[in-house]
Amino acid sequence: MEKGMLSADLEGLPEEDKHRMATLIDQLQIRDSLRMYNSLVERCFTDCVDTFQRKSLTKQEDTCVRRCAEKFLKHSMRVGMRFAELNQGAATQE
(Lines give C-alpha, C1' and ligand atoms only; values in the text may rest on other atoms or scores of the structure.)
Protein backbone atom coordinates (compact mmCIF):
# COMPACT_ATOMS: atom_id res chain seq x y z
CA MET A 1 0.00 0.00 0.00
CA GLU A 2 1.30 3.43 -0.85
CA LYS A 3 2.10 5.83 1.98
CA GLY A 4 0.02 8.57 0.30
CA MET A 5 -3.07 6.35 0.25
CA LEU A 6 -2.45 5.42 3.87
CA SER A 7 -2.38 9.00 5.08
CA ALA A 8 -5.54 9.86 3.13
CA ASP A 9 -7.39 6.83 4.53
CA LEU A 10 -6.36 7.54 8.12
CA GLU A 11 -6.84 11.30 8.04
CA GLY A 12 -9.25 11.44 10.97
CA LEU A 13 -7.13 9.36 13.35
CA PRO A 14 -4.78 10.69 16.01
CA GLU A 15 -1.07 10.71 15.08
CA GLU A 16 -0.29 7.84 17.45
CA ASP A 17 -2.89 5.62 15.77
CA LYS A 18 -1.62 6.61 12.32
CA HIS A 19 1.89 5.62 13.35
CA ARG A 20 0.68 2.29 14.74
CA MET A 21 -1.27 1.54 11.55
CA ALA A 22 1.72 2.44 9.36
CA THR A 23 3.94 0.16 11.42
CA LEU A 24 1.41 -2.67 11.19
CA ILE A 25 1.11 -2.28 7.42
CA ASP A 26 4.90 -2.31 7.07
CA GLN A 27 5.08 -5.51 9.13
CA LEU A 28 2.37 -7.15 7.02
CA GLN A 29 4.20 -6.21 3.82
CA ILE A 30 7.44 -7.70 5.15
CA ARG A 31 5.60 -10.87 6.19
CA ASP A 32 4.02 -11.20 2.75
CA SER A 33 7.38 -10.65 1.04
CA LEU A 34 8.99 -13.36 3.17
CA ARG A 35 6.13 -15.75 2.45
CA MET A 36 6.51 -15.15 -1.28
CA TYR A 37 10.27 -15.70 -1.09
CA ASN A 38 9.86 -18.90 0.95
CA SER A 39 7.24 -20.17 -1.47
CA LEU A 40 9.55 -19.46 -4.40
CA VAL A 41 12.48 -21.27 -2.80
CA GLU A 42 10.42 -24.30 -1.78
CA ARG A 43 8.67 -24.62 -5.14
CA CYS A 44 11.78 -24.25 -7.28
CA PHE A 45 13.89 -26.48 -5.03
CA THR A 46 11.27 -29.24 -5.04
CA ASP A 47 10.78 -29.03 -8.80
CA CYS A 48 14.41 -28.69 -9.85
CA VAL A 49 16.83 -30.32 -7.41
CA ASP A 50 17.02 -34.07 -7.84
CA THR A 51 20.27 -35.22 -6.26
CA PHE A 52 22.57 -34.28 -3.43
CA GLN A 53 25.76 -35.77 -4.85
CA ARG A 54 27.52 -32.39 -5.18
CA LYS A 55 27.87 -29.16 -3.25
CA SER A 56 26.67 -27.11 -6.19
CA LEU A 57 23.78 -27.49 -8.59
CA THR A 58 24.23 -29.33 -11.85
CA LYS A 59 23.90 -27.23 -14.99
CA GLN A 60 20.44 -28.69 -15.61
CA GLU A 61 19.31 -27.93 -12.03
CA ASP A 62 20.73 -24.41 -12.23
CA THR A 63 18.86 -23.72 -15.48
CA CYS A 64 15.66 -25.15 -14.00
CA VAL A 65 15.92 -23.02 -10.85
CA ARG A 66 16.57 -19.86 -12.87
CA ARG A 67 13.57 -20.49 -15.13
CA CYS A 68 11.37 -21.39 -12.19
CA ALA A 69 12.30 -18.25 -10.28
CA GLU A 70 11.80 -16.07 -13.34
CA LYS A 71 8.34 -17.51 -14.00
CA PHE A 72 7.36 -17.17 -10.35
CA LEU A 73 8.46 -13.53 -10.18
CA LYS A 74 6.80 -12.62 -13.50
CA HIS A 75 3.58 -14.24 -12.30
CA SER A 76 3.75 -12.40 -8.97
CA MET A 77 4.32 -9.09 -10.74
CA ARG A 78 1.37 -9.72 -13.04
CA VAL A 79 -0.92 -10.61 -10.15
CA GLY A 80 0.23 -7.49 -8.28
CA MET A 81 -0.46 -5.29 -11.29
CA ARG A 82 -3.90 -6.81 -11.78
CA PHE A 83 -4.69 -6.34 -8.10
CA ALA A 84 -3.64 -2.69 -8.35
CA GLU A 85 -5.90 -2.23 -11.40
CA LEU A 86 -8.86 -3.75 -9.58
CA ASN A 87 -8.13 -1.71 -6.48
CA GLN A 88 -7.92 1.49 -8.52
CA GLY A 89 -11.19 0.63 -10.30
CA ALA A 90 -12.93 0.07 -6.98
CA ALA A 91 -11.61 3.40 -5.67
CA THR A 92 -12.93 5.33 -8.68
CA GLN A 93 -16.38 3.76 -8.29
CA GLU A 94 -16.74 5.11 -4.75
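- With contacts defined as side-chain heavy-atom distances shorter than 4.5 Å, the pair Ser33/Tyr37 does not qualify.
- The closest side-chain heavy-atom distance from Lys71 to Leu40 is not below 4.5 Å.
- No donor-acceptor pair under 3.5 Å is formed between the side chain of Gln88 and the backbone N or O of Glu85.
- With rounding to the nearest 0.5 angstrom, the CD1 atom of Ile25 is 5.0 Å from the CE atom of Met21.
- Within 6.0 Å of the CZ atom in Arg31, the count of heavy atoms belonging to other residues, nucleotides or ligands exceeds 12.
- Between Thr51 and Glu61 the shortest heavy-atom distance is N-OE2, 3.5 Å.
- The distance from the CZ atom of Arg35 to the CG atom of Leu28 is 9.0 Å, given to the nearest 0.5 Å.
- Across every non-hydrogen atom of Leu57 and Val65, the tightest pair is CD1-CG2, 4.2 Å.
- Nearest heavy-atom pair across Lys18 and Leu13 is CE-O, 3.2 Å.
- Remark: Cys44 SG to Cys68 SG, distance under 2.5 Å.
- Contact annotation: the side chain of Leu24 approaches that of Gln27 to within less than 4.5 Å [non-hydrogen atoms, C-beta and beyond].
- Ion pairing between a basic and an acidic side chain is recognised when a charged N comes within 4.0 Å of a carboxylate O; Asp62 and Lys59 show no such pairing.
- A salt bridge is absent between Glu70 and Arg66: the closest approach of a Lys/Arg side-chain nitrogen to an acidic carboxylate oxygen does not fall below 4.0 angstrom.
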